[in-house]
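Take a look at the structure set out below.
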Amino acid sequence: MIVDDNDQVREGLIRMLRSAGIRSIGAGSYAEAVDLQAVHLPAVAVIDVRLSDGSGVDLADAIQGRNPETRVIMLTGYAALDAPMDAVG
């Protein structure tokens, strides 16, 4: 599952994964990701650190709380590393 509120980033990653034969779904917000996760149990979630409606770090916690087997990769376009470091800290 790709979660990013930037349509170009999200759709670009989905296209790239699908072209490699990897099934992929996308969400443009925290809320949409929670709804999708209720139906799909993703093996991997690629999540933007900052979403328009919530924290990507909090979303990662919620996703792994429901399915601890889900691996999470955090993305950010921000130069400051505070939020990404919180995600792994």
Side-chain angles (χ1 to χ4, degrees):
M1 177 166 52
I2 308 298
V3 185
D4 199 308
D5 52 2
N6 182 308
D7 294 342
Q8 291 178 327
V9 170
R10 184 180 65 255
E11 294 302 324
L13 287 170
I14 290 170
R15 276 193 306 275
M16 181 182 66
L17 291 169
R18 287 181 179 166
S19 72
I22 300 169
R23 289 184 312 142
S24 183
I25 57 174
S29 67
Y30 184 111
E32 186 180 4
V34 169
D35 289 345
L36 281 175
Q37 191 207 10
V39 177
H40 307 278
L41 288 176
V44 177
V46 178
I47 305 170
D48 188 3
V49 170
R50 295 182 182 171
L51 300 167
S52 59
D53 63 341
S55 162
V57 175
D58 292 343
L59 178 59
D61 289 342
I63 287 172
Q64 288 189 312
R66 181 158 191 261
N67 182 14
E69 299 299 315
T70 300
R71 299 295 175 236
V72 174
I73 300 168
M74 302 299 297
L75 295 178
T76 186
Y78 293 91
L81 294 177
D82 294 342
M85 294 310 290
D86 289 343
V88 297

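- When the side chains of ILVMFWY residues are joined at heavy-atom separations under 4.5 Å, either directly or via intervening members, Val3 and Val9 end up in two distinct hydrophobic clusters.
- Side chain of Gln37 to backbone of Ala33: no donor-acceptor contact under 3.5 angstrom is found.
- You'll find the side chain of Asp58 reaches within 4.5 Å of the side chain of Tyr30, heavy atoms only.
- Side chain of Arg18 to main chain of Arg23: no donor-acceptor pair is present (N/O by atom type, distance under 3.5 Å, no hydrogens or angles).
- Annotation: side chain of Thr70 is not in contact with side chain of Leu41 (no heavy-atom distance under 4.5 Å).
- Side chain of Arg10 to main chain of Gly26: no donor-acceptor pair is present (N/O by atom type, distance under 3.5 Å, no hydrogens or angles).
- Under a hydrophobic clustering in which Ile, Leu, Val, Met, Phe, Trp and Tyr are joined whenever their side-chain heavy atoms come within less than 4.5 Å, directly or via other members, Ile73 and Leu17 fall into the same cluster.
- Put simply, CG on Leu13 and CD1 on Ile2 are 5.0 Å apart, with the number rounded to the nearest 0.5 Å.
- Of the inter-residue distances, the one linking Arg71 atom CZ with Gln64 atom CD reads 7.5 Å to the nearest 0.5 angstrom.
- Tested against Met1, the residues Ile14, Ile63, Val44, Ile47 include a single side-chain contact (heavy atoms from CB on, under 4.5 Å) partner, Ile63.
- Counting heavy atoms from C-beta outward, Thr76 and Arg50 have side chains that stay 4.5 Å or more apart.
- Here Asn6 contributes atom CG and Asp48 contributes atom CG; the two are 8.0 Å apart, rounded to the nearest 0.5 Å.
- At a threshold of 4.5 Å between non-hydrogen side-chain atoms, the residues Met74 and Val72 count as touching.
- Between the side chain of Asp4 and the backbone N or O of Gly28 there is no donor-acceptor pair closer than 3.5 Å.
- With rounding to the nearest 0.5 Å, the separation of CG in Leu59 from CG in Leu51 is 6.5 Å.
- Summarising the geometry, atom OG belonging to Ser29 is positioned 8.5 Å from atom CG belonging to Asp5; distances are rounded to the nearest 0.5 Å.
- The CE atom of Met16 sits 8.0 Å away from the CD1 atom of Ile22 when rounded to the nearest 0.5 Å.
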